[in-house]
Amino acid sequence: MHADLQLTPNDRGSDGNKTTYPMGVGRESLYNFLQKCLGGREREVSLLREYFQEQDFEFDYCPYGDTLEKEFTHSGREEYFHNIPDTFLKSAVIMVDPDNGFEVKAATPSKFHKYIKYAEARDLYERMDANSVLIIYQHFPMIKRRVFLDGLHGRIQDELDCLEPVTVFSSSIGLIILAKNAAARKRLHRQVSRYLRRDLKLHG
């Protein structure tokens with residue numbers, strides 16, 4: 001697994017306070033580790049290196065921006081995505097966590113750092129190999145979830161020239177997951193289904 005991180009400027013919002021959640025299926029050790037970090041007020045993503053080492057799991061981490069020495073900005077986004085190493089996109093789970101999700105027409109220049117562009121997602125998708133999956137966080141607007149996802153899936157397929165995504169979602173957020181071929185997508189769908197719980201649903 002590879003992780004590359006760059007934090008956006010602190011907007012003093014309340015999103016970072018959403019730290020109460022159920023344990024989920026099959027990940028008790030990760031849940032306990034994250035709760036320990038929260039209890040100690042340690043929230044640096046780089047701490048995940050410790051967890052994966054304990055699990056004897058390969059985890060490469062590029063601490064770009066983790067200490068807020070260099071924040072992600074709209075003007076610096078091209079450099080950021082260009083500098084993601086090719087090795088991070090091979091046999092990897094690639095997680096992109098924009099504050100809001102995919103770009104929208106209403107995004108102003110001052111808020112665009114909260115979104116990922118379709119062109120940026122397409123570049124990551126094209127560069128990753130067939131053994132990788134791309135996961136992109138998506139916050140939901142105030143419309144019916146499946147209606148929104150139908151439209152978003154269609155737009156993603158058009159913009160990225162890819163198979164239909166598989167999305168795991170709750171009442172407020174979704175994880176858009178992309179595979180590069182039909183066989184990988186089928187395996188992905190099967191594996192994701194194993195981890196669903198009552199408050200999580202699958203689309204695609």
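FYI, side chains are in, hydrogens and waters are out, and symmetry mates aren't considered; it's all heavy atoms of this structure.
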> Going through the distances and angles, do Tyr137 and His139 end up as a side-chain hydrogen bond (donor to acceptor under 3.5 Å, both in side chains)?
Replying inline: CA-CA 7 Å; Tyr137 169 89; His139 194 78; 3.2 Å; yes

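When the shell of 6.0 Å around CG of Asp158 is examined, it contains more than 12 heavy atoms from other residues, nucleotides or ligands. No more than 12 heavy-atom neighbours from other residues, nucleotides or ligands sit within 6.0 angstrom of CD on Glu78.
From Leu188, atom CG reaches atom CG of Asn181 across 10.5 Å, with rounding to the nearest 0.5 Å. Distance CG/Leu200 to OG/Ser170: 6.5 Å, rounded to 0.5 Å. To the nearest 0.5 Å, atom CD of residue Gln35 and atom CG of residue Leu30 are 10.0 Å apart. Taken to the nearest 0.5 Å, the CZ atom of Phe140 stands 9.0 Å off from the OG atom of Ser171. The CG atom of Leu160 sits 11.0 Å away from the CD atom of Glu120 when rounded to the nearest 0.5 Å.
A salt bridge does not link Lys117 with Glu159: every distance from a Lys NZ or Arg NE/NH1/NH2 to an Asp or Glu carboxylate oxygen is 4.0 Å or more. Using a cutoff of 4.0 Å between basic side-chain nitrogens and carboxylate oxygens, Arg146 and Asp150 are not scored as salt-bridged.
Contact record, Tyr115 with Arg77: O-NH2, 2.6 Å, taken as the closest heavy-atom pair. Of all heavy-atom pairs between Pro98 and Lys114, the closest is CB-O, 3.5 Å. Ser91 and Ser132 make their closest contact through N-OG, 3.0 Å (heavy atoms, listed as atom of the first residue, atom of the second, distance). For the pair Leu163 and Tyr125, the tightest heavy-atom approach, listed with the atom from each and the gap, is N-OH, 4.2 Å.
In this pair, Phe102 and Tyr118 present their aromatic rings parallel. The plane angle is below 30°, not in the 30 to 60° band.
Remark: the backbone N or O of Gly204 is paired with a side-chain donor or acceptor of His189 at under 3.5 angstrom. Judged purely by atom type and a 3.5 angstrom limit, Arg127 uses its side chain to pair as donor or acceptor with the backbone of Ile84. Between the side chain of Asp123 and the backbone N or O of Ala119 there is no donor-acceptor pair closer than 3.5 Å.
Note: the hydrophobic cluster containing Phe169 also contains Ile143 (ILVMFWY, side chain heavy atoms under 4.5 Å, direct or indirect links). Cluster annotation: Val104 and Val96 are assigned to distinct hydrophobic clusters (Ile/Leu/Val/Met/Phe/Trp/Tyr, side-chain heavy-atom contacts under 4.5 Å, transitive). Tracing side-chain contacts under 4.5 Å through hydrophobic residues (I, L, V, M, F, W, Y), one never reaches Phe81 starting from Phe112; they form parts of separate clusters.
Proximity of Ser29 to Tyr51: side-chain heavy atoms (C-beta onward) are separated by under 4.5 Å at one or more points. Looking only at side-chain heavy atoms (C-beta outward), Leu89 and Leu134 stay at 4.5 Å or farther from each other. The shortest distance between side-chain heavy atoms of Ile173 and Gln138 does not fall below 4.5 Å. Under the 4.5 Å side-chain criterion, counting only non-hydrogen atoms from C-beta, Leu202 is in contact with Val168. Counting only heavy atoms from C-beta outward, the side chains of Arg185 and Glu164 approach each other to under 4.5 Å. Counting heavy atoms from C-beta outward, Lys180 and Val133 have side chains that stay 4.5 Å or more apart. The shortest side-chain heavy-atom distance between Ile135 and Ile176 does not fall under the 4.5 Å cut-off. Lys90 has its side chain out of reach of Met128: every pair of non-hydrogen atoms, C-beta onward, lies at least 4.5 Å apart.
No donor-acceptor contact under 3.5 angstrom links the side chains of His113 and Asp99, judged on distance only.
A side-chain contact (heavy atoms from CB on, under 4.5 Å) with Thr167 holds for exactly one of Leu149, Leu175, Ile177, Ile136; it is Leu149.
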